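Below is one structure, written out as structure tokens; the observations come after it.
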There are 2 protein chains.
Amino acid sequence: MVKDKPPEHPSKIPCQKARYRTETEWGALTRDEINLFDRDVVCKTYCSGETIFVEGDACKGLYFVEHGLVAVRKTEINGQSTIVRLAYQGDTLGYRPLLAKENHRATAEVINDTHICFINAKTMRHFLRSNPKLGMRFLEHTALALGQAEERMFQIAALSVRTRIIHLVVLLRDHYGTITSDGTLFVDLPMSQRDMADMIGARPESVSRALRDIQDDGLIHLSGHTVRVDRVDRLVEELHHH
Amino acid sequence: MVKDKPPEHPSKIPCQKARYRTETEWGALTRDEINLFDRDVVCKTYCSGETIFVEGDACKGLYFVEHGLVAVRKTEINGQSTIVRLAYQGDTLGYRPLLAKENHRATAEVINDTHICFINAKTMRHFLRSNPKLGMRFLEHTALALGQAEERMFQIAALSVRTRIIHLVVLLRDHYGTITSDGTLFVDLPMSQRDMADMIGARPESVSRALRDIQDDGLIHLSGHTVRVDRVDRLVEELHHH
DNA sequence: TACGTATCATGACTTATGTCATCGACCGAA
DNA sequence: TTCGGTCGATGACATAAGTCATGATACGTA
């Protein structure tokens with residue numbers, strides 16, 4: 001849900017955490033281009049529940065996730081919606097419509113408070129023309145995303161809700177998991193069960209029940225939004241059977 | 001199923017139908033690069049049922065679909081498998097693993113007899129380094145494919161088998177549909193019901209039943225693998241409701 | 001604090017889809 | 001031709017997951 005808030009005034013101050021950019025596609029930028037980037041970038045912090053852009057919006061440029069978590073969501077006419085992708089720190093949103101010169105085909109919805117750097121389409125196209133490396137980096141990234149999308153498509157199509165939940169927990173482990181000294185894994189689920197349901201193509205009730213079932217089988221232990229996994233191998237093993 | 005056949009000797013003769021390449025990413029190649037392409041390209045015709053590469057294979061280069069239809073399929077340990085993408089005339093297979101320098105993560109399986117042009121990884125990387133335009137074209141294409149993958153993910157997650165079948169028929173219309181002078185649409189389904197099931201994440205029996213149901217409702221008329229649609233608008237309209 | 005709202009859990013019930021089995025049609029190979 | 005195989009249609013049945021309804025709890029806000 002989008003909360004109605006007075007529009008915040010975007011900051012023109014270049015993000016301080018630009019170091020993240022060097023670890024991503026943006027690492028390909030030259031010094032001059034970085035200056036241009038910093039000149040044109042518009043940064044803004046979004047709170048949980050806000051939308052960055054909405055399905056159907058004109059694509060005005062690229063959104064770089066400096067920090068936070070964003071869900072890319074598609075909504076049907078009848079109101080059903082699915083989260084087709086998550087964007088983490090370092091990810092970039094909106095290059096498909098930018099390249100295709102189309103409108104946005106999905107809504108970007110902030111799950112956790114997120115800091116976004118926006119770079120307008122004109123400048124971005126300039127970068128892509130002048131710096132082939134940048135395009136190559138984006139190509140690699142997009143190819144990777146395509147692989148992940150195909151992976152998820154397969155999961156949604158063929159696996160039970162229970163198994164899809166386990167996949168999701170394992171997926172979220174990369175960004176939201178910590179391992180204690182005794183080997184216990186804790187995953188801090190960053191989203192509601194409703195969002196989890198939208199990610200795996202199921203209903204919230206089914207997610208609730210599946211989580212309980214998995215807990216009853218002793219594979220995980222839930223407290224609030226934190227999942228404790230004592231035996232990660234057992235959890236992963238189940239993915240190989242079902 | 002893969003039929004065991006004696007390995008065919010690939011032809012080194014450059015494809016005659018190179019014109020298709022100019023309408024695709026390959027149109028970005030310069031004259032010199034085209035010569036290099038033609039020097040290194042290896043062409044081969046695959047029959048229905050053959051595989052071009054298998055999940056886990058090392059990625060030796062790119063496969064360009066000169067003509068025909070190829071299914072990109074992922075298989076689980078338990079034997080279940082899903083078609084995650086179709087590759088038509090003009091599509092290119094294998095650039096994700098090429099860029100990521102990974103092994104193939106899916107199997108490319110020929111549905112209709114297909115003519116493939118293979119270009120080795122080394123030459124391909126040379127092209128990508130020397131010709132930025134080519135990379136940009138691939139970026140656009142990949143971004144488009146990502147959008148389509150997300151679209152399908154959404155469909156599989158949220159829609160009934162019946163609706164997914166209709167989506168599939170509408171999808172196949174682009175390549176396998178013809179419209180007669182009186183406005184009737186004929187779509188010649190290029191694949192078996194089993195493959196259709198693998199595309200939409202369902203069982204062949206469910207596909208069979210769904211097709212019959214849709215026919216019983218008068219939306220389509222089946223004869224063999226040909227779908228006749230008298231009122232396309234009605235078919236498309238159903239997509240907007242369910 | 002108290003209120004309203006969203007979230008989560010859970011039971012009862014429905015339904016879509018998967019599963020298993022059978023049968024006929026078709027098709028290529030011997 | 002006849003055989004063996006795949007494909008498609010269909011029935012009977014099982015079951016996973018959706019739907020609807022109800023409370024309990026937690027959470028943010030007035």
Side-chain angles (χ1 to χ4, degrees), chain A residues 1-5 47-50 76 78-82 109 111-113 155-166 168 189-217 220-227 238 242, chain B residues 1-6 47-49 76 78-82 109 111-113 155-166 189-217 220-227 242:
Chain A
M1 294 297 111
V2 186
K3 292 168 189 166
D4 286 328
K5 295 195 174 187
C47 295
S48 174
E50 283 187 282
E76 266 286 272
N78 57 21
Q80 278 184 105
S81 76
T82 309
E109 179 186 307
I111 293 187
N112 290 340
D113 292 4
Q155 289 172 19
I156 292 176
L159 308 177
S160 67
V161 167
R162 177 192 169 108
T163 310
R164 281 180 268 166
I165 287 283
I166 297 179
L168 181 59
L189 303 176
M191 63 187 77
S192 66
Q193 289 188 3
R194 154 169 288 280
D195 285 337
M196 291 171 68
D198 287 344
M199 281 211 64
I200 65 167
R203 300 277 118 193
E205 296 95 321
S206 302
V207 171
S208 176
R209 282 187 249 262
L211 281 170
R212 179 169 50 74
D213 288 348
I214 301 167
Q215 181 168 224
D216 288 350
D217 290 350
I220 65 172
H221 187 272
L222 275 168
S223 61
H225 273 191
T226 301
V227 179
E238 181 162 325
H242 299 274
Chain B
M1 293 297 111
V2 186
K3 291 167 190 166
D4 286 329
K5 296 195 175 185
C47 295
S48 174
E76 266 286 273
N78 58 20
Q80 280 183 101
S81 76
T82 309
E109 179 186 308
I111 294 187
N112 289 341
D113 292 4
Q155 288 173 19
I156 292 177
L159 308 177
S160 67
V161 168
R162 178 192 169 109
T163 311
R164 282 179 268 165
I165 286 284
I166 296 179
L189 303 176
M191 63 187 79
S192 66
Q193 289 189 3
R194 154 168 287 280
D195 284 337
M196 292 171 67
D198 287 343
M199 281 211 63
I200 64 167
R203 300 276 117 196
E205 296 96 321
S206 301
V207 170
S208 177
R209 282 187 248 262
L211 282 170
R212 181 170 47 76
D213 287 349
I214 301 168
Q215 181 168 224
D216 288 349
D217 290 351
I220 64 173
H221 187 271
L222 275 168
S223 62
H225 274 191
T226 300
V227 179
H242 298 276

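The basis for the numbers below is simple: all heavy atoms, side chains too, and nothing from hydrogens, waters or symmetry mates. In what follows, every chain begins at residue 1, and chains take the letters A, B, ... in the order their sequences are listed. Model, not experiment: these values are computed from the prediction.
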field: Sidechain-backbone polar pair: B:R203 side chain, B:A197 backbone, donor-acceptor under 3.5 Å
entry: no
- request: Report the distance from atom CD1 of B:I165 to atom P of D:dG8, rounded to the nearest whole Å.
  value: 11 Å
message: If the cut-off is 4.0 Å, is A:S208 near the phosphate of C:dC8, judged by side-chain N/O to OP1 or OP2?
response: no
task: Specify the separation, in whole Å, of atom CG of B:D216 and atom P of D:dA9.
output: 12 Å
Nucleic acid contacts - residues 189-200 of chain A versus DNA chain C, non-hydrogen atoms under 4.0 Å: A:S192, A:Q193, A:R194
field: Donor-acceptor pair, side chain of A:S48 and main chain of A:I111, under 3.5 angstrom
entry: yes
query: Judged by modelled atom types alone, do A:S160 and A:T163 share a side-chain donor-acceptor pair under 3.5 Å?
result: yes
message: Counting primed atoms plus P, OP1 and OP2 as sugar-phosphate and everything else as base, spell out the protein contacts along nucleotides 17-30 of chain D at 4.0 Å heavy-atom distance: B, S or - for each nucleotide, 5' to 3'.
response: SSBB----------
message: I need the minimum non-hydrogen distance between A:S206 and A:V161, along with the two atoms involved.
response: O-CG1, 4.1 Å
Non-hydrogen atoms of A:S192 and A:H225 that approach each other most closely: CA-CE1, 4.0 Å
- prompt: How many angstroms lie between OG in B:S223 and CD in B:Q215, if you round to the nearest 0.5 Å?
  reply: 9.0 Å
- request: For A:H225 and C:dT7, give me the distance from atom NE2 to atom P, rounded to whole Å.
  value: 9 Å
Basic-acidic side-chain contact under 4.0 Å: B:R212, B:D216: yes
- prompt: For B:R164 and B:I156, which heavy atoms make the closest approach, and how far apart are they?
  reply: CD-CA, 3.8 Å
message: Need the bend value for the helix from C:dT1-D:dA30 to C:dA30-D:dT1: angle between end axes, 5 pairs each end, nearest 10°.
response: 50°
message: Measure CG/A:D213 against C1'/C:dC8 and give the value in whole Å, please.
response: 15 Å
- request: Could you tell me the separation between the CD1 atom of A:I165 and the CD atom of A:Q193, rounded to the nearest 0.5 Å?
  value: 8.0 Å
message: Quick check for you: to the nearest 0.5 Å, what is the distance between A:I220 atom CD1 and A:L211 atom CG?
response: 5.0 Å
- request: To the nearest 0.5 Å, tell me how far B:T82 OG1 sits from A:Q155 CD.
  value: 10.0 Å
